[in-house]
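Okay, structure first, notes after.
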Amino acid sequence: MSDSIKEMVKAKLDSYLAVCNHRKTPERYAILDAVYSMPGHFTLVELGELLEKRNFRVSRATLYNTVRLFLQLRLVVRHRLADGTYYEGCYNHNEHVHQVCTMCGKMWEIEAPELTAAMENLKLRRFRKDSFTLYIYGVCSHCAALFTRRKGQTEKEKTKKNNSL
């Protein structure tokens, strides 16, 4: 993330902590900086490892509670998928589309201007839309190729077995 986005995120956290009379701890700011330094999606374990690499140790409770605070402030978004829970910094990046492979669990963000436009034009009754995240589930090309190869090998084995009988 760019330095300007990091500064905006830090300002939003500063404002919230001041208004709610919470302490401005170095742990919160270190975790915030680590979140916005992570490329793409990450787990809390990966976030903790990045903090350790930076020689900044935080307890698991502090990490989880701080990320929960960031979720409430909409500085972080959580993705609950079949293979685990992932997070990503989402400030100034609210509308996006993910494709998720149901075989390997990998997730990619994609540009889909048609879907974004459709969601922006969507009229909802008695509801104010702030942002959206869309998931498209399927099989990635790598997993599809592996599946096709395995299927071909299985068919060859069946043919050999039938011919030997």
Would Leu75 and Tyr36 count as a side chain to side chain contact (heavy atoms under 4.5 Å, CB included) here? Give the steps. CA-CA 9 Å; Leu75 300 175; Tyr36 280 87; 3.9 Å; yes

Candidate pair Phe147 and Val139, rule side chain to side chain contact (heavy atoms under 4.5 Å, CB included), full reasoning: CA-CA 10 Å; Phe147 181 75; Val139 179; over 6 Å; no

How close do [X] and [Y] get, counting heavy atoms only, and between which atoms?
X      : Y      : value
Ala112 : Val97  : CB-CG2, 4.0 Å
Gly40  : Glu88  : O-CB, 3.8 Å
Glu120 : Lys129 : O-NZ, 3.4 Å
Cys101 : Cys140 : SG-N, 3.3 Å

Test the Lys24-Tyr29 pair against the cation-pi criterion, namely NZ or CZ under 6.0 angstrom from the six-membered ring centroid and within 45° of the ring axis.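 Negative - Lys24 is either too far from the ring of Tyr29 or too far off its axis.
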
Residue pair Leu115, Ile136: steps toward the side chain to side chain contact (heavy atoms under 4.5 Å, CB included) verdict: CA-CA 11 Å; Leu115 291 173; Ile136 302 171; 4.2 Å; yes

In Å and rounded to the nearest 0.5 Å, what is the [atom1] to [atom2] distance from [X] to [Y]?
X      : Y      : atom1 : atom2 : answer
Lys53  : Leu51  : NZ    : CG    : 11.0 Å
Ile110 : Trp108 : CD1   : CH2   : 11.0 Å
Glu27  : Ser59  : CD    : OG    : 8.5 Å
Glu109 : Glu111 : CD    : CD    : 8.5 Å

Transitively linked via ILVMFWY side-chain contacts under 4.5 Å: [X] with [Y]?
X      : Y      : result
Leu17  : Met8   : yes
Tyr16  : Val77  : no
Leu32  : Phe56  : yes
Leu47  : Phe70  : yes
Met119 : Leu124 : yes

Donor-acceptor contact below 3.5 Å, side chain [X] vs main chain [Y]:
X     : Y     : result
Thr43 : Tyr86 : no
Ser15 : Ala11 : no
Lys12 : Leu73 : yes

Are [X] and [Y] close enough that some pair of their side-chain heavy atoms sits under 4.5 Å apart?
X     : Y     : value
Leu50 : Glu46 : no
Leu63 : Arg60 : no
Leu69 : Leu13 : yes

Side chain to side chain contact (heavy atoms under 4.5 Å, CB included), that's the test. Do Leu71 and Arg78 meet it? Break it down for me. CA-CA 7 Å; Leu71 287 165; Arg78 176 177 37 216; 3.5 Å; yes

Which residue is it: Arg54, Lys10, Arg28? I am looking for the one with a side-chain hydrogen bond (donor to acceptor under 3.5 Å, both in side chains) to Asp33. Arg54

Near His22 NE2, under 6.0 Å, is it more than 12 heavy atoms from other residues, nucleotides or ligands? yes

Do the rings of Tyr135 and His98 sit parallel, tilted or perpendicular, given the 30° and 60° boundaries?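 Tyr135 vs His98 ring planes: parallel.
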
